[in-house]
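Structure first, then comments.
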Amino acid sequence: MSTYKLNYTDSFGNGDANSSLRSNPENGFSDLSQSEKAVQELLTQQTPMQATDDHLIEFSEALRTVAKALRGSAEGKALAQAEAAEWKRRYELERSKNQELLLPKAPLNGVCADETNSKGMDHLAKSARLHVQENNGKTGRSSLERICSHDVLQDGEANNGCNNKLKRKASFKLSWGCKGQANDQHKKEIVSFESGNITTADRSSKQISLTWETNPQTVIIFTKPNSTSVRLLSVEMVRWLRDHKESNVYVEPRVKAELLSESSSFDFVQTWEDDKEISLLHPKVDLVITLGGDGTVLWAASMFKGPVPPIVPFSMGSLGFMTPFHSEQYRDCLEAVIRGPISITLRHRLQCHIIRDKARHDYETEENTLVLNEVTIDRGISSYLTNLECYCDNSFVTCVQGDGLILSTTSGSTAYSLAAGGSMVHPQVPGILFTPICPHSLSFRPLILPDHVTVRVQVPFNSRSSAWVSFDGKGRKQLEAGDALVCSIAPWPVSTACQVESTHDFLRSIHDGLHWNLRKTQSSDGPRDT
Ligand SMILES: NC(=O)c1ccc[n+]([C@@H]2O[C@H](COP(=O)([O-])OP(=O)(O)OC[C@H]3O[C@@H](n4cnc5c(N)ncnc54)[C@H](O)[C@@H]3O)[C@@H](O)[C@H]2O)c1
Ligand SMILES: Nc1ncnc2c1ncn2[C@@H]1O[C@H](COP(=O)(O)OP(=O)(O)OP(=O)(O)O)[C@@H](O)[C@H]1O
């Protein structure tokens, strides 16, 4: 299987700082490899003795263990050094920004920051001006009496403030919690400094590019059934992948039968017997290709209950929000993808779990289902309103009385959720869309919840009817009174290759697929503002 790395790039093309980590002599890697080499040489010299001298064998094993431990510690040190350097760089950057803010910008007018704040907050600019007043004023101290908290902090000299309110502004730190536990994972995204300014340092969703570190060799192709054009293309593509790329090709059992009916030369194509085997294929498969519409991308993603290899989706349907590649140019496109690097869209999935009231007291649970678009809870064939109690973490959200509720990913925001009145959201925005279906209430607007929450939808015990759940429009299951659906963002996103880049492809799809905001341009003749 090939390996690849993902680079996060900002709009200025700045990449990830971690790449500086590799084989730096300062980290001690070269010293270490020298000593490992020496140990290895010693062991080789000792080989004739090994058979006879147990002590020497023990000693050589101990040496190997020591070498391993040394290497582990040098790697740890290298990581720590790189992280410290990164924090230092950020600190210097922030400090120089703060210094710039303190430079005089406008003439002084002797206003106390508290007074100005009550009129409108331009906190930093005001404190900078006031600071200059102190330097220029005839009597530094008396003018300082009019200064309030923020600016004094910058040098810490003055401590007699306006109306005795002048105090060092409280410093603080931010920490991220997840279900009551401290979590450092996102710390680097927002930086807090002693001066109390919160600044966002990094964006969580950047354009991501995928670079192969070894060539992708194994490809799996999923195709839309019952389509002649798809079948013809799959025959051609499989042949091309073998002849020009020497790829190992996997297809679904149905497709393998189709290929063999075409020619017995396709017996090199591999397949599986049971869908469960696909999840075992993940460690071997480098690339997934889909030939069909969005439904085929959903289908392919649903085959992977854990990590998913990158998907290259070819458009052979009518809409194609997630399928940016044109099948006519499949050779150029696959050449480019296999060569890399490629832009990808990292699409979050939801993991959904049904908790049965009956099973509450025993250990019987149902398997998680992963969805790329949405999970829908609706009234099914019942003619009654659904009555669904919704909770976000442990807070009550609302009771849905209507046809149902859609919990959608941002990728799914252009699918069923859109039809039910939800917003269209860029697929790389992390979050869960909470969109009611035909709510019997005038004020039930759709919500977008943050990506860290867990949503629970429960059919109340006194509900008149049961509800039905479906996953990406498939696999309907009944929810009886007392049953609940629990849903949160899954740790295994789906990466789909972009034609250009994520935002460009998203905008193209809403323009081409939905004719979004298409209107004849108003002519320039006619009445005008005078
Ligand atoms: N009223 C509705 O709009 C409605 C009703 C039921 C299901 N759906 C959608 O259909 C999806 C299942 O798709 P399918 O192809 O298996 O069924 P399908 O063949 O019935 O096609 C549904 C349509 O939804 C489009 N679609 C799917 N995912 C999309 C996305 N992320 N963005 C924009 N359009 C998208 C497809 O291109 C297709 O045209 C469900 O996940 C659900 O979102 C929509
Ligand atoms: N490999 C597959 N095996 C079984 N069913 C599949 C497979 N690929 C797609 N499907 C199903 O076939 C249906 C249609 O697929 P898809 O949406 O890709 O084509 P389409 O309807 O022509 O596209 P569009 O909706 O854009 O016009 C979907 O319900 C999907 O789940």
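First listed ligand is number 1; within each ligand, the first listed atom is number 1. Keep in mind that this is a model prediction, so the values were computed, not measured. The residues of the chain are indexed from 1 along the displayed sequence.
Of the protein's non-hydrogen atoms, Asn373 ND2, 4.0 Å is the one closest to atom 11 (C) of ligand 1. For atom 37 (O) of ligand 1, the closest non-hydrogen atom on the protein side is Asp294 OD2, 2.9 Å. Protein heavy atom closest to atom 17 (O) of ligand 2, with residue, atom name and distance, is Gly295 N, 3.0 Å. In terms of protein heavy atoms, atom 27 (O) of ligand 2 is closest to Ser318 OG, 2.5 Å. Distance from atom 19 (O) of ligand 2 to its nearest protein heavy atom, with residue and atom name: Lys224 CD, 3.0 Å. Nearest to atom 26 (O) of ligand 2 among the protein's heavy atoms is Leu319 N, 3.0 Å. Nearest protein neighbour of atom 3 (O) of ligand 1, counting heavy atoms only, is Ala419 CB, 3.3 Å. The protein non-hydrogen atom at the shortest distance from atom 3 (N) of ligand 2 is Trp299 CE2, 3.1 Å. Counting only heavy atoms of the protein, atom 43 (O) of ligand 1 lies nearest to Glu374 OE1, 2.4 Å. Given atom 39 (O) of ligand 1, the protein heavy atom at minimum distance is Leu319 CD1, 3.6 Å. The protein heavy-atom contact nearest to atom 14 (P) of ligand 1 is Gly295 CA, 3.9 Å. In this structure, the protein non-hydrogen atom closest to atom 8 (N) of ligand 1 is Tyr416 CB, 3.9 Å. Protein heavy atom in closest approach to atom 32 (N) of ligand 1: Thr414 OG1, 2.7 Å. Given atom 29 (O) of ligand 2, the protein heavy atom at minimum distance is Lys474 NZ, 2.9 Å.
Heavy atoms from other residues, nucleotides or ligands lying under 6.0 Å from CG of Asn394 number 12 at most. When the shell of 6.0 Å around CG of Asn517 is examined, it contains more than 12 heavy atoms from other residues, nucleotides or ligands.
Checking Thr345 against Ser502 by side-chain atom types alone, a donor-acceptor pair falls below 3.5 Å. Side-chain contact check for Tyr330 and Glu328: no donor-acceptor pair (N or O, by modelled atom type) lies under 3.5 Å. With 3.5 Å as the limit, one finds a donor-acceptor pair spanning the side chains of Ser417 and Thr435. No side-chain donor from either of Arg349 and Thr409 sits under 3.5 Å from a side-chain acceptor of the other. Defined by atom type and a distance below 3.5 Å, a donor-acceptor pair is present between the side-chain atoms of Ser229 and Ser227. A donor atom on one side chain and an acceptor atom on the other are found under 3.5 Å apart for Thr503 and His426.
Inclusion of Ser318 in the set of residues having an N or O under 3.5 Å from an N or O of ligand 1 is not warranted. Between Gly292 and ligand 2, no pair of N/O atoms sits closer than 3.5 Å. Of the polar atoms of Pro225, none of the N or O atoms is found under 3.5 Å from an N or O of ligand 2, judged by distance alone.
Looking at Thr386, its side chain never comes within 3.5 Å of a backbone N or O of Leu388 through a donor-acceptor pair. Asn373 places no side-chain N or O within 3.5 Å of a backbone atom of Asp472 that could act as its donor or acceptor partner. A donor-acceptor pair under 3.5 Å is formed between the side chain of Lys256 and the backbone N or O of Val269.
Heavy-atom contacts of Leu298 reach the following atoms of ligand 1: 12 (C), 13 (O) (cutoff under 4.0 Å). Here is the list of ligand 1 atoms found below 4.0 Å of a heavy atom in Lys474: 16 (O). Of all the atoms in ligand 2, the ones that sit under 4.0 Å from a non-hydrogen atom of Arg254 are 1 (N), 2 (C), 3 (N). Under a 4.0 Å criterion applied to the non-hydrogen atoms of Met322, ligand 1 contributes the atoms 31 (N). For ligand 2, the atoms lying closer than 4.0 Å to a non-hydrogen atom of Glu252 are 1 (N), 2 (C), 3 (N).
Residues Val249 and Ile220 are not in side-chain contact: their nearest non-hydrogen atoms beyond the backbone lie 4.5 Å or more apart.
Here the shortest heavy-atom distance to atom 16 (P) of ligand 2, taken over Pro313, Gly293, Ser302, Ser227, belongs to Gly293. Summarising the contacts of atom 18 (O) of ligand 2 with Leu298, Thr296, Leu291, the nearest heavy atom is found in Thr296.
Residue-level proximity to ligand 1 for Leu372 is absent, since no heavy atom of it falls below 4.0 angstrom. Contacts between Thr223 and ligand 2 below 4.0 angstrom, taking non-hydrogen atoms only, involve the backbone exclusively. Contact annotation: for Phe222 versus ligand 2, there are no heavy atoms closer than 4.0 Å.
Atom 29 (C) of ligand 1 is flagged as protein-proximal [any protein heavy atom, distance under 4.0 Å]. Counting protein heavy atoms under 4.0 angstrom from atom 26 (N) of ligand 1 gives one or more. Taking a distance limit of 4.0 Å, we find that atom 7 (C) of ligand 2 is approached by some protein heavy atom. By the definition of a contact as any protein heavy atom under 4.0 Å away, atom 23 (C) of ligand 1 is not in contact. Distance check on atom 17 (O) of ligand 1: every protein heavy atom falls at or beyond the 4.0 Å cut-off.
In this pair, His282 and Phe304 present their aromatic rings perpendicular. The plane angle is above 60°, beyond the 30 to 60° band.
Phe268 carries Arg242 over the face of its six-membered ring, with the cationic atom under 6.0 Å from the centre and within 45° of the normal.
By the 4.0 Å N-to-carboxylate-O rule, Arg254 lies close enough to Glu258 to be salt-bridged with it. Comment: Glu236 engages Arg331 in a salt bridge, judged by a side-chain N to carboxylate O separation of less than 4.0 angstrom. Between Arg356 and Glu480, no side-chain nitrogen of the basic residue sits less than 4.0 Å from a carboxylate oxygen of the acidic one, so the salt-bridge criterion is not met. Ion pairing between a basic and an acidic side chain is recognised when a charged N comes within 4.0 Å of a carboxylate O; Asp378 and Arg476 show such pairing. Classification of Asp243 and Arg239 as a salt-bridged pair fails, no side-chain N sitting under 4.0 Å from a carboxylate O.
For Ser411, the heavy-atom gap to ligand 1 drops under 4.0 angstrom.
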